[in-house]
Amino acid sequence: MLKIYDLQIEYKNKPIGLDEKNPAFSWKIKSDKKNAKQEKCKILVYHKENIVYDSGLIIGDQTLYHEYRGEKLLPETDYKIKIFVWDNYGNKAEEESEFETGLLEPDNMLASFITHGFEDDMEEAAIFKHRFEITKKVVKARAYVSALGIYKLELNGQRVGDMRFAPGWTSYQERLQYQTYDITEFISQNNKIEITVGNGWWKGILGFYGHGCHYGKRTAVIAQIRLRYEDGSTDVICTDESWKSTTGPIRNSEFYHGEVIDFNIPAQETRQVMLFDYPKKNLISQVNEPVRITERLCVKNVIQSPNGETILDFGQNMSGVVKAKLHLSKGTKVTLRYSELLDENGNLFTTNLRTAKATDTFICSGKEDVFLPEFTSHGFRYVAVEGIDVVDPDCFTACVHHTDYKRETKFECSNKEINQVWNNIDWTMRSNFVDIPTDCPQRDERLGYTGDIEIFLPTALNYGNLALFFRKWLRDLKVEQSDIFGVPLSVPDILKTHACVNIWHDAAAIVPWLVYEKYGDIRVLKEQYDSILRSVEYTRKLAGDGLLQIENSSQFGDWLALDAPKGPFRLPPEGELRPSMDEKAGGTDPYLIGNVYYLYSINILKKSASLLGKQEDALKYQKLYDDILCKFQNEYITPGGRLLSETQTAAALVLYFDLAKEEDREKILNKLILNLIKTQKHLRTGFVGTEYLPHVLSRFNKHQLAGDILLKEECPSWLYEIKLGATTIWELWDGMNPDHSINPFAMNSFNQFGFGTIGDWLMKELAGLKSLEPGYKKSQIAPHLVKGINNVSASYETPYGKLFCQLSCKDNKINADIIIPANTECDVYLPGRKMETLGSGTYHYEYYTELSFEQERYTEDSILRDLLSHKEAMEYFEEKAPKLAHDPFVRNFAGKLSIIEIKMTIPETMVPKSAYPIFDEMIEILNKKERK
Ligand code: BGC
């Protein structure tokens with residue numbers, strides 16, 4: 001049996017409104033045989049009955065991204081596609097699909113942009129309306145719509161489509177998406193079309209300075225409706241000066257501040273519309289998956305706070321809005337105030353919203369009203385309701401919204417709290433992927449910070465298919481990037497700080513590279529090559545062919561690390577919303593970090609050049625890399641092999657990116673371990689170090705240490721957050737204190753993915769699912785349990801199909817199941833077994849092992865004195881090393897240390913190495929006793 005499934009056209013299933021000139025076709029194959037591979041394939045594309053593309057027989061196993069190479073595609077036209085595949089067992093399969101082109105060229109948009117007839121500073125959402133009649137039978141109707149602002153489309157009183165915040169946020173100065181809707185079912189004889197437009201990103205308030213009108217002062221729309229009749233003729237209806245404008249129930253809306261919906265207003269005045277000047281050439285069809293409501297949550301709990309607030313608790317921090325079904329007397333005003341948290345006294349906590357009012361206001365009509373805010377978004381778990389005497393929780397539903405990317409991963413292990421960490425990362429990502437990757441969903445920011453997403457990307461790519469999400473965003477990055485200011489802190493750029501900071505700047509190279517590696521679609525590198533090159537050249541210009549230094553660039557360092565040298569704790573001065581830069585940049589030399597990223601970007605440029613056949617560039621940037629690496633080593637690694645900045649982050653970076661000479665690596669690793677022991681295996685890292693440190697430990701055979709860090713429960717750690725009730729990842733390790741009081745820094749989101757990078761380690765190192773060749777053409781399964789986690793299972797939908805592994809170790813028995821998708825290979829490493837390279841199929845293993853992953857009470861972290869307080873341990877110690885056992889130094893000084901600290905920090909002259917096995921045996925004796 002051979003089957004083709006998941007046939008996609010530009011990563012989509014039967015798309016309409018496609019504007020790619022050479023759309024790419026991809027499919028997956030399934031077989032009941034092991035080691036199945038595609039041997040050849042053929043693609044046919046039809047327009048009506050005519051073949052417009054015949055690929056001929058394509059020999060080989062390529063199933064991804066076959067670009068259309070046929071006759072020029074026509075706009076607004078549907079095409080059928082047929083795929084034939086032959087496998088290595090002589091089986092044949094075929095599959096069909098279809099797609100419909102969009103306008104293809106902006107010139108095919110015949111409509112004009114129109115704006116309303118109201119003042120620039122109107123608060124209400126404008127409604128653009130139009131009526132049209134038809135006399136013939138419609139067989140197909142499409143609407144192509146966009147707006148300057150964010151809009152909803154209604155036809156004959158019904159909402160069309162389920163996209164929120166259309167047309168999405170792009171760099172409007174050059175790019176504006178339009179959406180294509182199938183409206184065939186909505187059309188009747190007499191038609192009324194209404195497009196309501198809110199301020200959105202175009203005109204609304206954005207950024208922490210509270211400004212609006214970043215792109216324009218007035219909202220506008222453009223719409224073209226194409227009707228195809230039974231008799232083959234067509235009609236087109238376009239926005240023009242004949243349309244009318246008015247206002248309706250949405251009296252005010254802002255992302256940060258919320259929405260006012262008044263169902264009690266009388267009919268509003270109608271005004272003429274005017275043509276609006278916006279370049280139509282900027283129109284492009286919708287690229288990524290839209291923002292949608294993806295889940296609805298009921299109230300879990302109604303709380304009466306000490307301040308007298310009635311608070312609904314939805315049990316989960318999220319991005320969204322609350323829908324309310326209310327039947328109250330005419331004119332009743334109900335307000336909902338949103339927040340992520342309750343403070344330590346149980347009152348609604350809103351300090352971290354800063355200037356965002358995060359309040360929706362509903363005014364009732366007297367009949368049953370359904371309020372669903374349209375043009376706002378909140379980051380919340382709790383909602384305080386005012387204006388209703390008795391609050392019925394059943395009237396309120398939280399609507400979770402975010403970009404509706406395919407979520408294609410599962411992860412589970414024996415530790416429930418670690419599963420909660422995994423889920424919290426998922427929720428944090430969903431909360432912050434609202435058309436662009438944002439930094440937070442609640443306060444007056446929500447911007448597409450380049451550095452944040454670049455740090456989180458390896459993790460994000462484990463959670464969902466983001467190929468289109470980043471295609472769109474990277475195109476905007478390219479628009480915003482300049483040779484004078486580099487890559488901005490956020491994309492699309494409304495901050496215009498013109499600060500070019502490494503890590504943030506390096507997103508230009510790192511994001512396309514990681515996306516390429518994940519999906520194996522070389523087109524992302526082709527598209528972004530210029531941008532990668534310009535970003536590297538920009539840094540090179542700053543660094544003047546040398547290193548980045550304080551004189552030539554600014555850096556944010558290891559953002560939000562805890563090892564910043566701190567003076568006495570002080571509150572930010574009045575009016576100062578953010579802690580000082582020094583406190584946020586951590587303790588690692590920020591220029592060391594900046595230069596690591598510079599090298600990272602050059603390396604990507606070099607690799608991209610050679611993949612794209614640009615040999616000259618490849619050589620040129622290899623040379624630059626070698627030169628900068630040499631300078632880096634001279635500057636930051638002493639001749640004796642020590643790092644100039646001996647922090648956890650610096651060591652992790654240098655080891656992860658192979659920046660030290662071979663002979664210096666071990667020394668740096670040992671220093672890192674020592675550092676971790678001194679902090680009782682707690683991280684002191686910020687955004688940067690947290691991403692790489694666990695990977696470094698696993699790679700250098702210190703996997704258990706990474707596991708110990710993961711399982712820490714005190715601050716800073718992931719489980720510390722869980723213990724305090726977190727349902728999303730916090731921005732600050734110490735965002736909340738153990739007594740539930742909240743850190744007063746105004747930059748204190750409880751829904752930020754920066755420290756969620758452990759998700760990548762959970763997937764790649766603990767569950768062990770990794771890609772070895774772009775797009776998982778070859779993968780690796782190497783599950784690696786740690787003490788305290790004795791089973792793990794994970795699946796990831798690769799571009800070839802599902803990769804899965806389940807491993808458990810119980811009573812010294814290993815049990816494992818593996819699935820490898822067709823058309824791929826996988827290197828499988830199971831505990832205690834030799835590596836084997838396997839082809840596709842399902843595999844099961846059962847075998848005995850010496851290994852045990854049960855959490856034991858006594859470990860190398862146990863304090864010597866505590867061990868010796870047990871008779872059995874003391875007797876053993878006295879028997880094996882009587883001199884040492886009675887040495888006052890050992891009793892009084894070393895006794896206070898953990899075994900690992902003794903091993904790592906006490907000179908051999910005081911505690912000889914020969915004593916180490918004695919300590920280990922003492923631990924074993926006590927654990928044996930425990931096990932009985
Ligand atoms: C954001 C960060 C961001 C930073 C850069 C902050 O306010 O929330 O995540 O990267 O600013 O300036």
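Keep in mind the model is a prediction, meaning the values are calculated, not measured. The chain is numbered in sequence order, starting from 1. Atoms within each ligand, like the ligands themselves, are counted from 1 in listed order.
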**Asked** In terms of side-chain heavy atoms, does T294 have a donor or acceptor partner in H402 at a distance below 3.5 Å?
**Response** yes
**Request:** Mark up the atoms of ligand 1 that fall under 4.0 Å of a heavy atom belonging to D452, in ascending order.
**Result:** 2 (C), 3 (C), 9 (O), 10 (O)
**Ligand-residue contact atoms, ligand 1 with Q752, heavy atoms, under 4.0 Å** = 9 (O)
**Prompt:** Relative to the heavy atoms of E731, which atoms of ligand 1 are at a distance of less than 4.0 Å?
**Reply:** 8 (O)
**Region of W559 engaging ligand 1 - heavy atom pairs below 4.0 Å** = side chain
**Whether W733 and F755 hold their rings parallel, tilted or perpendicular, with breakpoints at 30° and 60°** = parallel
**Asked** Any idea how F657 and Y692 line up, ring-wise: parallel (<30°), tilted (30 to 60°), or perpendicular (>60°)?
**Response** perpendicular
**Item:** Sub-4.0 Å heavy-atom approach of R443 to ligand 1
**Value:** yes
**Prompt:** Side chains of T588 and T647: donor-acceptor distance under 3.5 Å anywhere?
**Reply:** yes
**Asked** Have T170 and Q177 got a donor and an acceptor in their side chains that come within less than 3.5 Å?
**Response** no
**Request:** Report the part of E454 in contact with ligand 1, treating N, CA, C, O as backbone and CB onward as side chain, heavy atoms under 4.0 Å; options are side chain, backbone, both, neither.
**Result:** neither
**Mutual orientation of the aromatic rings belonging to Y215 and W169 [parallel < 30°, tilted 30-60°, perpendicular > 60°]** = perpendicular
**Request:** Under 4.0 Å from a heavy atom of D439: give me the atoms of ligand 1 that qualify, with their elements.
**Result:** 1 (C), 8 (O), 9 (O)
**Asked** Going by atom types alone, do T727 and N317 pair a side-chain donor with an acceptor below 3.5 Å?
**Response** no
**Asked** Between W504 and ligand 1, is there a nitrogen or oxygen pair with a distance under 3.5 Å?
**Response** yes
**Request:** Would you mind running through ligand 1 and noting each atom that sits below 4.0 Å from a heavy atom of F556?
**Result:** 5 (C), 12 (O)
